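Data first, discussion second: the structure below is written as structure tokens.
All residue numbers in this chain count up from 1 along the given sequence. Computed from a predicted structure; not experimentally measured.
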Amino acid sequence: MARRFSFPSSLLCFAALCFLIAFSPNLLGQDRRTVVEPHFPPVCTRLEANLSAPRGLLTDADERRLDTERIQNAINHCGDGRAVELHGSRDRNVFLAAPFHLQPGVTLLVDANTVLYASRNPRDYDVSPGSCGVVDHNGHGCKPFIVADHAPHSAIMGDGAIDGRGGETLLGQDTSWWDLAHLAKINDTKQNCTRLLIVRESDGFILYRITLRNSPNFHVAVEKTNGFTAWGVKIDTPATARNTDGIDPSGSTDVSILHSYIRTGDDNVAIKAGRAGASSYITVAHNHFYSGHGMSIGSETNGGVNALRVSDLTIDGTDNGIRIKSDPTRGGLVHDVVYEDVCIRNVRNPIILTPKYTLAHGDLLPIYRDITLKDVRVVTPGLVTLAGFDANHKLGLTLDNVFADGLPASAIHVSNADVIVGPRLGNLISPREHGDEQGGENSEDDVNITQSSGSTAGTPISCENRFEDYPANTTAPRSATPAPPVDKTLYVAADGSGDFYSIQQALDTAPADGATLLIGPGIYREIISVTKPNIELRGSDADASKTIIIFNKSAGTSGGTLHSATAEIRGDNFRAENLTFANDWNATHEQVPVGSQALAVLVAADKAAFSNVRFLGNQDTLYAGSRNCSPDGEPCIPTRQYFTHCYVEGNVDFIFGDSKAVFDHCEIHSTPHFEGFITAQSKHYPAEDSAFVFNHCTLTAAPGVANVWLGRPWRPDAKVIFLNTEMGAHILPAGWREWHPGETHSIDTAYYAEYNSTGPGAHAGERDPHTKLLTAAEAAQFQTKTFFDGWNPVAQ
């Protein structure tokens, strides 16, 4: 007997494709059809496989024996409501094809023990000559492997498999489809990789029992289609294969994704709504998700998403669980969405509703309201984000019997949200906790959490025995497609194309022993804190001005100078390259003597190295300091810091602190102020091992800037050395000055030295008498390798 889903009603069948086409007025907020389990239609043509692939590999000769023509010919001549059957024998069970298209009413039926391989020749997929199988700045250069375009009631069925072979080397190239995707990610460019199946304006399309493997890109994209059913589908692609979404309905209505098993390298299911229009009346039920990016809506929501019901779902081992994602360049209204009876396990972000998926700006605001989570349980810890766009566009959310096991309040982030809890109370969030733990550092203003009237204590749903092992298809031969290696690099992109859009989010995710973050061009307006060792932040573009980390705290607004930093770096063995760190407080506020200190970066880490990095600010731009200096006289822990080919700008004490720091081939740029100071080095006690060394640097200034000192001693025993430095005319002849002339006498104990200074600011013979002019032999002790006591940052 056929299984039914939804409400009973009369059925209309197009041969094997049975579904309700009369809509029930009482069926709200889900697929309006009554969908029943399909069955295989009668066969018009049976094609026999000619190829075999021992150990999943075709011979070089067989790679050119395409079955495309006979498959396409059979489909073209098959009658409405019938199927073209692909059949394999024990010895020959592989079909090989280039792109082909389905016809209205025709089913492609792939038998058990049979697999359809996609061609590895990128020329077969070219939209224009040479456009596919490459990385460029355009994308969209490939035709899909299979397309149903204006082919209503067509289908793909069977217990066999369709294999895109995304990890195998392309013919005539030394790379795979997935390698191209990875390369595009690294270089912040666009991949041109084929998709396995596109269903475009093909109402009543059905996927049934088929296994889809190793797609080079999306597995199934459904566009502008009214009536799409996936039943009993298995999607099986490595977690490390980028952009391999499972099933993505876009601009489509009356969609059902049922009884399916999806493990892949991107969104398991993503409901999209862009230029094609709204996506609505969608049911996702009785499914199991494994690796992937979860049950998603977005990121395109500007067409509107509504009437979505997700039920009886397990999410096990994905990066995200329940997710709504969009941004102001592609946002719209998402409403009337219900997630019910969902179990989530081993998921980093079990619930993430964010209208700021990227840092992009625009006027297409994401608005999420009438979102309900009902009978949802998170059984392992993770991070929960519940966010609206702003106070005027708040998240509207109902939590009915939602539980999270072992989730601390610190893991729950709520902002710009109206949350109703009840009628059954869970433990994810409650009104009495808001304003206490959950209303602290992890919640922002404009959060209103209320309890629905008549609420009672809830009971967590049982997730025991709900999680199933992935039911691999063991009959259809597998290709020898290797999984991409695990890439430990964390990719951050402001446009949402990376693994993260926030640098701090990536830092929070990084392993405790460190990681490399590759950061795409863009403006990242956020505060970052690096506490883990062995962190590397690297801009993907060699132009450091293209990748900017910026914020606008000041000493007056943050509780002190050392609390104002845009980036606070305390983890040892830190490296940064091709980045700009900035604090733009003074862009909107007058610089005054008290409260205007605004750090771009605070560095209190040992073995921290910066290459091709820009530091932008005015007063107190860069703090290069030691750590663990206590007021009771305990010795400071010295820190070694290296800056090479960097740019530092500011006006008052804009390089200060007490670390052992070398500035090698850097430009030190003074911005306008009536009096400027480059350094304010200090020591906590005379024997502290600290000094600033500038070697082969250039001192420059904005037009009209004058009266700049090389430095003044923040405390007694300051130590600064300039070697081989070209100094502009803005540098005062005396070079060095007391901290507060007539009040302090710290310059008497300072060690201020120069060797081979050049340029109009060198002022030979005019320096303050406390200045020491070094000989070549004396200057040698301040060369980098010697100065750093065995640490050679240049060799890293």
Side-chain angles (χ1 to χ4, degrees), residues 58 63-64 66-69 71-72 75 95-102 108 116-151 156 162-202 212-225 235 237-238 240-251 264-267 270 272 274-276 300 479 481 484 497:
L58 295 172
E63 285 286 0
R64 290 165 174 78
L66 297 176
D67 295 299
T68 316
E69 186 175 351
I71 293 173
Q72 188 67 71
I75 290 172
F95 290 82
L96 175 66
F100 64 92
H101 59 272
L102 301 177
L108 178 67
L116 171 61
Y117 281 175
S119 166
R120 292 192 288 121
N121 185 356
R123 300 288 71 76
D124 291 334
Y125 303 90
D126 281 344
V127 172
S128 59
S131 64
C132 190
V134 297
V135 170
D136 57 25
H137 292 282
N138 300 314
H140 308 293
C142 300
K143 294 181 289 187
F145 178 48
I146 304 173
V147 63
D149 192 348
H150 292 82
I156 297 177
I162 300 174
D163 196 322
R165 302 197 290 172
E168 293 192 43
T169 303
L170 297 174
L171 298 183
Q173 300 183 197
D174 58 359
T175 189
S176 70
W177 296 114
W178 294 339
D179 290 337
L180 293 173
H182 183 66
L183 183 63
K185 187 176 189 178
I186 292 173
N187 295 333
D188 195 38
T189 51
K190 304 292 186 183
Q191 56 177 296
N192 290 275
C193 298
T194 184
R195 296 179 175 183
L196 205 62
L197 170 65
I198 290 183
V199 179
R200 181 182 299 121
E201 297 187 63
S202 296
L212 305 177
R213 292 179 181 147
N214 302 319
S215 179
N217 194 259
F218 290 7
H219 288 78
V220 183
V222 184
E223 304 170 359
K224 299 176 68 174
T225 291
I235 292 179
T237 290
T240 50
R242 181 176 181 247
N243 294 137
T244 52
D245 287 31
I247 302 175
D248 288 5
S250 176
T264 188
D266 211 304
D267 291 321
K272 300 177 181 293
R275 296 177 181 176
E300 300 90 344
S479 68
T481 298
S497 62

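- S176 contributes atom OG, which lies 12.0 Å from atom CZ of R165 (distance to the nearest 0.5 angstrom).
- Cysteine sulfur proximity is not satisfied for C132 and C193, their SG distance being 2.5 angstrom or more.
- Other residues, nucleotides and ligands contribute at most 12 non-hydrogen atoms within 6.0 Å of the CD atom of E69.
- Proximity of R120 to E63: side-chain heavy atoms (C-beta onward) are separated by under 4.5 Å at one or more points.
- Scanning all heavy atoms of the two residues, the minimum distance from S250 to G274 falls at OG-N, 4.4 Å.
- Side-chain contact between V220 and L212 is present, with at least one heavy-atom pair separated by less than 4.5 Å.
- Heavy atoms only, all atoms of each residue included: S128 and D126 are closest at O-CB, 3.2 Å.
- Here the side chains of D248 and V222 are not in contact, with every heavy-atom distance at 4.5 Å or above.
- Applying the ring pair (Phe, Tyr, Trp, His ring centres under 6.0 Å) rule to pairs touching residues 127-147 yields F100-F145, sequence neighbours excluded.
- No side-chain heavy atom of N121 sits under 4.5 Å from any side-chain heavy atom of L170.
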With side-chain contact (heavy atoms from CB on, under 4.5 Å) as the criterion, how do I235 and I247 come out once you've worked through the C-alpha distance, each side chain's angles and the decisive distance to 0.1 Å? CA-CA 9 Å; I235 292 179; I247 302 175; 3.8 Å; yes

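- Scanning all heavy atoms of the two residues, the minimum distance from N214 to S479 falls at ND2-OG, 3.6 Å.
- Each of D179, D136, N243 was evaluated against Q191; a single residue qualifies, N243, per the side chain to side chain donor-acceptor pair (under 3.5 Å) test.
- Side chain to side chain, H219 and T237 meet the donor-acceptor criterion of an N or O pair below 3.5 Å.
- Of all heavy-atom pairs between W177 and C142, the closest is CZ3-SG, 4.4 Å.
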Steps toward side chain to side chain donor-acceptor pair (under 3.5 Å) verdict (T244, T264): CA-CA 6 Å; T244 52; T264 188; 3.0 Å; yes

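- At distances below 3.5 Å, not a single donor-acceptor pair connects side-chain atoms of Y125 with backbone N or O atoms of A98.
- Closest of all the heavy-atom pairs between A270 and P249 is O-CD, 3.3 Å.
- Side chain of T169 to backbone of T175: no donor-acceptor contact under 3.5 angstrom is found.
- Atom CG of L96 is separated from atom CG of L116 by 8.0 Å, given to the nearest 0.5 angstrom.
- With values rounded to the nearest 0.5 angstrom, L66 atom CG is found 6.0 Å from D124 atom CG.
- Under the 4.5 Å side-chain criterion, counting only non-hydrogen atoms from C-beta, P216 is not in contact with R195.
- No donor-acceptor pair closer than 3.5 Å links the side chain of S131 to the backbone N or O of P129.
- Closest of all the heavy-atom pairs between T194 and K143 is OG1-O, 2.8 Å.
- Taking CG of L196 as the reference point, atom CG of D163 lies at 8.5 Å (rounded to 0.5 Å).
- Two residues are said to be in side-chain contact when any heavy atoms from C-beta on lie closer than 4.5 Å; L108 and L102 meet this criterion.
- One distance of note links CG of L183 with CG of D188; it measures 11.5 Å at 0.5 Å rounding.
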Determine, step by step, whether L197 and I156 satisfy the side-chain contact (heavy atoms from CB on, under 4.5 Å) criterion, reporting the C-alpha distance in whole Å, the side-chain angles of both residues, the deciding distance to 0.1 Å, and the verdict. CA-CA 10 Å; L197 170 65; I156 297 177; 4.0 Å; yes

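- Annotation: the span from T481 atom OG1 to W178 atom CH2 amounts to 5.5 Å, rounded to 0.5 Å.
- Side-chain contact between R242 and K185: present, with at least one pair of heavy atoms (C-beta onward) separated by less than 4.5 Å.
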Could you walk me through whether I146 and H101 pass the side-chain contact (heavy atoms from CB on, under 4.5 Å) check? CA-CA 6 Å; I146 304 173; H101 59 272; over 6 Å; no

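- P144 has its side chain out of reach of P99: every pair of non-hydrogen atoms, C-beta onward, lies at least 4.5 Å apart.
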